[in-house]
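Just so you know, residue 1 is the first one in the sequence shown, and it goes up from there. Just so you know, these numbers come straight off a predicted model, no measurement behind them.
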Amino acid sequence: MTTTPEMLQKQLADLRKANNVTLPKDDSRAFMRDAVASAATLKKLYFYPAKAPEGQIDVLGVKKRRMKLHQGVNTVPNGTDIVEERVVPFLLTKVFTDMWLEDENIYYTAQSRGDNVSDTIVSMLRDQFSADMQDLAFNGDKASAVDFLKMKDGYLKLARENEDTIKHDVTGDIKVMDLQTVPPTVAPEQLRVGNYVWIMGRGTHTKLQAEVIARETPKGDAVLIDGELAKLHGYSIELVDHIEEDVVLFTPLENLTVVTGYEVKYTRATPSEFAVAKESTYHYLSASVDFLIRTPKALVYIGADAVTP
């Protein structure tokens, strides 16, 4: 059914009524799954919907050589769980996003999409939450002076501080040659656990691409597709928006984990003189997240200050 201007106006009128909702657990998990799926890189990572504020998840990979010879009636069913015994603990941190949404923007966005006004608002909140979650997942640092970044340690900080991650100290611009020596430093059993990729920002990628293009003769350690650097030393490149530049991670994407909470709260504020003056409505969304590296030994950190504590 087509949404008419009259229907949208009525929905906007209803929108000015206060609302305070805690989504059912299944809906909360679905919302957080959609939020993760809305971020370009986040959706490729390992996703774990938590059922409690704290807990533990399995490490990356499974045991090897668990297959046995069947011996008929003499076969002994002494199998064990194929998942690694070691687990990684998580502890959720509650975060929120809030925004003033102008009536006019909501109206025209809903009209152009043919959406219900409430669906449009949920989409806007989810997309903002998703973008911020990806930013925090990679760049978060509790020691930062920036309020946003100090909410949670992200993958770069976790990799720098974990004594089990492999580290290559490179000050300044990272060169193709700096990355050439990285894969052999990873233990063979770790290289088998997943598809390793180079994770980097667009600025770092641009510099590496310019270096490759500037070579007098092409080499097999770099692959250009339609003029864009797609692989280095046989491994694909994952570009992350807003990640810290001059830092590269080498690891399977599924080694980086996003843990999300089981409770999502949505509040729409009571109409006030501020809302009238702004011709807007105030919306508040809260949820919980954590970021983990499942197997630190399967990750290489390349960049400055790459020193094991």
Side-chain angles (χ1 to χ4, degrees), residues 36-47 60-62 64 130-131 134-135 137-139 154-156 158-160 162 164-258 291 293-306:
V36 169
S38 297
T41 299
L42 220 56
K43 65 184 177 184
K44 301 176 184 178
L45 310 184
Y46 184 75
F47 173 72
L60 177 67
V62 295
K64 306 299 179 184
S130 173
Q134 179 166 293
D135 188 350
F138 283 93
N139 302 313
Y155 303 127
L156 298 185
L158 294 171
R160 278 195 296 263
N162 194 295
D164 289 331
T165 58
I166 305 168
K167 302 175 179 70
H168 286 249
D169 189 19
V170 178
T171 302
D173 293 347
I174 295 174
K175 305 292 186 182
V176 173
M177 186 61 70
D178 295 322
L179 302 181
Q180 185 176 17
T181 59
V182 169
T185 64
V186 181
E189 63 270 19
Q190 298 301 339
L191 278 175
R192 290 195 297 264
V193 302
N195 296 318
Y196 276 70
V197 299
W198 306 104
I199 301 172
M200 65 183 71
R202 296 186 183 278
T204 303
H205 177 259
T206 298
K207 293 174 184 176
L208 289 168
Q209 182 171 272
E211 180 187 348
V212 171
I213 293 174
R215 289 175 171 175
E216 293 184 4
T217 56
K219 290 186 178 180
D221 58 3
V223 176
L224 291 172
I225 298 178
D226 295 331
E228 182 173 342
L229 184 62
K231 282 190 175 184
L232 276 171
H233 311 301
Y235 296 94
S236 298
I237 297 172
E238 175 68 26
L239 297 182
V240 182
D241 291 330
H242 310 303
I243 193 175
E244 181 182 332
E245 299 294 351
D246 298 320
V247 173
V248 175
L249 299 182
F250 182 64
T251 192
L253 288 171
E254 60 269 28
N255 194 24
L256 306 181
T257 302
V258 184
F291 311 115
I293 298 173
R294 293 165 69 190
T295 302
K297 290 181 180 180
L299 183 147
V300 185
Y301 176 96
I302 307 104
D305 303 320

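Between the side chain of H168 and the main chain of L179, no donor-acceptor pair closer than 3.5 Å is present. N139 places no side-chain N or O within donor-acceptor distance of the main-chain N or O of G154, the cut-off being under 3.5 Å. With hydrogens and angles ignored, the 3.5 Å screen pairs no side-chain donor or acceptor of D226 with any backbone N or O of E228. No donor-acceptor pair under 3.5 Å is formed between the side chain of T165 and the backbone N or O of L299. D246 places no side-chain N or O within donor-acceptor distance of the main-chain N or O of A304, the cut-off being under 3.5 Å.
Minimum heavy-atom separation, S130 to A39: OG-N, 3.2 Å. The shortest heavy-atom contact between A222 and L229 is CB-CD1, 4.0 Å. In plain terms, the two heavy atoms of Y155 and I293 that are nearest each other are O-CD1, 4.0 Å. Closest approach of L232 to W198, counting heavy atoms only: O-NE1, 2.8 Å. Between L42 and A137 the shortest heavy-atom distance is CD1-CB, 3.9 Å.
Judged as a side chain to side chain contact (heavy atoms under 4.5 Å, CB included), and not counting sequence neighbours, the contacts of D241 are Q134, R202. By the side chain to side chain contact (heavy atoms under 4.5 Å, CB included) test, S236 pairs with V197, K231, sequence neighbours left out. Applying the salt bridge (charged side-chain N to carboxylate O under 4.0 Å, His left out) rule to E238 yields the partners K44; only residues at least two apart in sequence or on another chain are considered. For A230, the side chain to side chain contact (heavy atoms under 4.5 Å, CB included) criterion is met by I225, not counting sequence neighbours.
One finds the CD atom of E245 at 8.0 Å from the OG1 atom of T206 (value rounded to the nearest 0.5 Å). Rounded to the nearest 0.5 Å, atoms CG (N162) and NZ (K167) are 6.0 Å apart. Residue I199 holds its CD1 atom at 11.5 Å from CD1 of I237, rounded to the nearest 0.5 Å.
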Pair Y196-V186, side chain to side chain contact (heavy atoms under 4.5 Å, CB included): steps then yes or no: CA-CA 10 Å; Y196 276 70; V186 181; 3.5 Å; yes
Taking only distance into account, with no hydrogens and no angle test, what donor-acceptor pairs under 3.5 Å do side-chain atoms of residues 247-258 form with protein atoms, sequence neighbours excluded?
from: T251; atom 1: OG1; to: N255; atom 2: ND2; distance (Å): 3.0
from: T251; atom 1: OG1; to: A298; atom 2: O; distance (Å): 2.7
from: N255; atom 1: OD1; to: R294; atom 2: N; distance (Å): 3.4
from: N255; atom 1: OD1; to: T295; atom 2: N; distance (Å): 2.7
from: N255; atom 1: ND2; to: T295; atom 2: O; distance (Å): 3.0

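Applying the side-chain hydrogen bond (donor to acceptor under 3.5 Å, both in side chains) test to residues at least two apart or on different chains, the pairs with a partner in residues 171-186 are D173-K207.
Counting heavy atoms from C-beta on, the side chains of M200 and V240 never come closer than 4.5 Å.
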